Structures are given as structure tokens and as C-alpha cells.
Amino acid sequence: MTLLDGKQTAETIKEEIAAEVQAIKAAHGKVPHLAAILIGNDGGSQTYVNNKVLACERVGFDSTLIRMEDSITEEELLNKIDELNNDANIDGFIVQLPLPKHIDTEKVLEAVNPSKDVDGFHPTNVGRMVAGLPAFLPATPYGILQLLERYKIETKGKHCVVIGRSNIVGSPMSILMAKNAYPGNATVTICHRYTENLAHFTRQADILIAAVGIPEFVKADMVKEGAVVIDVGTTRVPDATRKAGYKLKGDVFFDEVAQKCSYITPVPGGVGPLTIAMLLKNTLSASKKEVYKN
């Protein structure tokens with residue numbers, strides 16, 4: 001069994017980005033600028049956004065963090081998004097999810113200019129991804145592709161089973177793994193909560209991607225011997241022995257499954273660190289106008 005080290009892979013990607021930013025600076029060019037809108041005081045969201053700000057500093061990006069109270073109106077948020085859309089100094093920005101219940105998430109995501117949508121959530125970017133056109137890819141699936149590529153894992157002709165069909169991970173992952181590309185060219189099965197006899201499908205997987213959000217959901221008897229297992233789950237589970245009062249658990253029962261598979265991602269330290277790295281990669285691409293020329 002080989003551990004797929006997302007933390008080290010993310011560091012390598014950040015080093016590559018930092019080197020490119022240094023070259024841009026040396027040529028007296030404008031360094032990439034990433035902005036983030038954070039609404040309310042959700043602990044997980046605050047930690048995640050703070051990590052994004054630190055990652056920007058690490059690679060030499062400019063960054064702007066815009067904090068707003070969770071009592072903000074939808075109109076006020078949309079006005080702020082419009083302001084960022086029209087700010088030539090901002091190359092890309094994200095609106096940290098989840099949003100307060102009184103705000104329409106879909107309306108907010110659609111308000112972001114696709115050329116600055118470095119999260120890859122705008123319907124235009126999703127449509128371009130499906131059509132095989134240049135697009136900003138959702139960061140987590142993009143990170144998984146990078147992990148597969150950098151560990152030189154064969155995907156062509158393999159059976160990839162994805163558990164979960166969210167717009168953030170499951171659905172785009174299934175599309176990308178079926179693409180005529182590397183990583184890709186896999187035969188893809190997408191499963192979800194209504195899939196009958198789920199283990200029948202997961203046991204066929206050469207590559208199993210678990211994005212269901214249930215701690216230790218995937219047990220050893222659901223996995224084929226020698227499979228590649230990618231665990232997207234990160235659920236906080238109470239743990240009184242830890243200073244934080246919790247520990248992170250993935251969707252895969254690691255201790256059991258690791259005995260059977262050829263490659264596996266740990267939690268933490270697997271897919272998670274790559275998500276921020278790919279957000280930076282999308283922002284660099286936005287600053288270079290590689291996807292949208294204008």
C-alpha cells in the first residue's frame with residue numbers, strides 16, 4: 001500500500017506557483033490577486049479562509065479578505081460581488097460557503113463573473129468543463145486529478161466508482177474521470193444514497209472515490225483487493241482527548257481498507273491540502289487569462 005501524500009503534493013504545487021510568481025515579479029508584471037468573502041462566524045469556514053490567506057502569502061499572491069456579518073442582506077452581498085467583478089485589480093475571488101439561510105446560494109454563485117470564478121462553481125465553467133473547453137475546474141476534483149497524475153496512477157480503461165453526486169465533488173469528478181484525457185478515459189459509475197446494493201458496485205472499482213460525508217462509511221468488504229482509494233471526506237468527530245475537542249475522519253475506514261488497497265489518501269493530509277493549492281492554481285491561470293482571454 002502506498003500513501004497518496006496530498007500535503008507534500010500540495011507543497012510541491014505551491015513551490016511551482018511561487019517560482020512562477022517570482023518570475024512575474026522579476027519581469028515587473030502584476031502578481032495574482034485573490035479575494036475571499038467570508039460571511040458570519042462559522043469556525044470551519046474561518047479556518048479554511050485563513051488558510052487560503054496564508055497560502056496566498058506563501059506563493060507571493062496579493063490577497064484580500066472581506067468579512068461580512070451573517071445579518072447581511074442578499075442585495076448587499078450581490079452588490080459586493082458586482083464590485084469585485086468590476087475591480088481590475090482582483091483576478092479571482094471566492095464566496096465562502098455555506099451562506100446564511102436567507103441568502104440564495106445559487107443566485108450568489110451565478111452572480112460571480114465566470115472569468116473570476118476560481119472556485120469553478122459558476123454554471124458557465126461547469127458547462128465548459130462538460131464540453132471539454134478551457135474552464136476553471138472545481139478545486140477538489142482538480143486536486144484529485146493532480147494526485148493521480150503526479151503518482152502516475154493508470155486511469156485509462158479502469159473502472160472508477162464515485163460515491164456522492166454533489167456539484168462540488170461527485171458530479172464533476174465523474175465527468176472528469178470519463179474525459180478523453182489523462183487522468184481520465186475511465187469507465188465511470190456514480191453512486192449515491194439511493195443506490196441499491198452499493199457494495200456490489202464499489203467492489204468492482206479499480207479507483208474508488210468516496211465523497212459521501214459519512215465518517216468511516218467505506219469498509220474493507222466494500223473494496224476490491226489492489227484498488228486505488230481516494231477519500232474526500234473530512235468530518236469533525238468529537239474527541240475529548242484532543243485539545244481541539246475533535247478529530248477529522250474520512251469517509252473510508254482507513255485502518256481496515258489500507259490493508260487491501262494499492263494506494264490510499266489519508267485524512268487529514270490527503271485531498272484537503274490540494275483543494276487550496278488548486279484554488280491558487282486557478283487564480284494564477286485567471287491572472288494569465290488562460291481560460292478567458294478578456
Side-chain angles (χ1 to χ4, degrees), residues 6-69 72 76-97 99 108-122 124-125 134-143 146 168 272-294:
K7 189 174 182 182
Q8 183 53 56
T9 303
E11 281 305 306
T12 300
I13 292 168
K14 287 176 189 174
E15 286 168 9
E16 293 167 359
I17 293 170
E20 192 162 346
V21 172
Q22 281 298 323
I24 291 169
K25 276 186 176 177
H28 305 292
K30 175 190 169 300
V31 300
H33 189 160
L34 174 66
I37 298 176
L38 175 61
I39 299 169
N41 301 301
D42 177 76
S45 292
Q46 288 197 62
T47 299
Y48 190 48
V49 170
N50 288 339
N51 286 340
K52 289 172 180 173
V53 171
L54 290 172
C56 284
E57 292 175 4
R58 161 89 168 73
V59 300
F61 284 10
D62 288 335
S63 67
T64 299
L65 175 56
I66 300 157
R67 292 181 175 273
M68 307 179 102
E69 296 297 323
I72 186 174
E76 287 171 323
L77 176 56
L78 291 172
N79 286 339
K80 177 55 71 174
I81 289 171
D82 187 56
E83 185 182 312
L84 294 176
N85 282 338
N86 290 293
D87 186 342
N89 191 42
I90 303 287
D91 296 299
F93 67 95
I94 63 147
V95 181
Q96 183 63 37
L97 304 178
L99 297 175
V108 166
L109 294 180
E110 288 182 22
V112 177
N113 187 320
S115 69
K116 296 191 178 189
D117 167 44
V118 289
D119 256 339
F121 293 161
H122 193 282
T124 296
N125 279 314
F136 295 124
L137 301 181
T140 300
Y142 193 8
Q146 286 285 311
I168 294 172
L274 285 161
T275 299
I276 290 178
M278 305 326 291
L279 179 69
L280 298 176
K281 205 167 173 66
N282 276 344
T283 304
L284 177 61
S285 179
S287 74
K288 294 161 66 179
K289 303 197 182 305
E290 291 177 335
V291 176
Y292 297 89
K293 304 306 178 186
N294 299 315

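Residue numbers run from 1 in the order of the sequence given. Below, each value reflects all heavy atoms present in this structure, side chains not excepted, and no hydrogens, waters or symmetry copies. What you are looking at is a predicted structure, and each value in this text was computed from that prediction instead of being measured.
- Inter-residue side-chain proximity for Ile94 and Ile37 is flagged as unmet; no heavy-atom pair is nearer than 4.5 Å.
- At a threshold of 4.5 Å between non-hydrogen side-chain atoms, the residues Phe61 and Thr283 count as touching.
- Side-chain contact between Lys116 and His122: absent, with no pair of heavy atoms (C-beta onward) separated by less than 4.5 Å.
- Formation of a donor-acceptor pair under 3.5 Å by the Lys293 side chain with backbone atoms of Glu290 is found in this model.
- Applying the side chain to side chain contact (heavy atoms under 4.5 Å, CB included) test to Pro273 and every residue at least two apart in sequence or in another chain returns Lys7, Ala10.
- Distance alone, capped at 3.5 Å, places no donor-acceptor pair between the Asp82 side chain and the Leu78 backbone.
- Using a 4.5 Å cut-off on side-chain heavy atoms (C-beta onward), Leu38 and Ser45 make contact.
- Gln96 and Lys52 form a side-chain donor-acceptor contact under 3.5 Å, judged by distance and modelled atom types alone.
- Residues Val21 and Pro32 come closest through the heavy atom pair CG2-CD, 4.2 Å.
- Residues Leu284 and Val59 have side chains not in contact (no heavy-atom distance under 4.5 Å, counting atoms from C-beta outward).
- When the side chain to side chain contact (heavy atoms under 4.5 Å, CB included) test is applied to Leu54, the partners found at least two apart in sequence or on another chain are Asn51, Glu57.
- Listed for the Asp91 side chain is no donor-acceptor partner under 3.5 Å among the backbone atoms of Ala286.
- Going from atom CG of Leu280 over to atom OG1 of Thr275 covers 11.0 Å, rounded to the nearest 0.5 Å.
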> Run the side-chain contact (heavy atoms from CB on, under 4.5 Å) check on Ile13 and Leu274 step by step: do they pass?
Replying inline: CA-CA 9 Å; Ile13 292 168; Leu274 285 161; 3.9 Å; yes
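- Rounding to the nearest 0.5 angstrom, the gap separating the OG atom in Ser63 from the CG atom in Leu34 is 7.0 Å.
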>> For a side-chain contact (heavy atoms from CB on, under 4.5 Å) check, start with the C-alpha distance between Ile168 and Phe121, then their side-chain angles and the critical distance, and finish with the verdict.
In response: CA-CA 7 Å; Ile168 294 172; Phe121 293 161; 3.9 Å; yes
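- Checked against salt bridge (charged side-chain N to carboxylate O under 4.0 Å, His left out), Glu20 has the following partners two or more places apart in sequence or in another chain: Lys288.
- Shortest non-hydrogen contact noted between Ile81 and Ala111 is CG2-O, 3.6 Å.
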>> Show, in sequence, the C-alpha distance, side-chain angles and deciding distance for Phe93 and Asn85, and conclude whether the side-chain contact (heavy atoms from CB on, under 4.5 Å) test is met.
In response: CA-CA 9 Å; Phe93 67 95; Asn85 282 338; 3.3 Å; yes
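- Listed by chain and number, the residues in a side chain to side chain contact (heavy atoms under 4.5 Å, CB included) with Asn89 are Lys30, His33, Asp87 (sequence neighbours excluded).
- Within the 4.5 Å cutoff, no side-chain heavy atoms of Lys281 are placed close to those of Lys14.
- Partners of Ile72 under the side chain to side chain contact (heavy atoms under 4.5 Å, CB included) rule, at least two apart in sequence or in another chain, are Ile39, Met68, Glu76, Leu77, Ile103.
- Side-chain contact between Ser285 and Val291: present, with at least one pair of heavy atoms (C-beta onward) separated by less than 4.5 Å.
- Scored by the salt bridge (charged side-chain N to carboxylate O under 4.0 Å, His left out) test, Lys80 finds Glu83 as partners (sequence neighbours excluded).
- Checked by atom type and distance alone, the side chain of Asn282 pairs as donor or acceptor with a backbone atom of Leu137 at under 3.5 Å.
- Between Tyr292 and Thr124 there is a side-chain heavy-atom pair separated by less than 4.5 Å.
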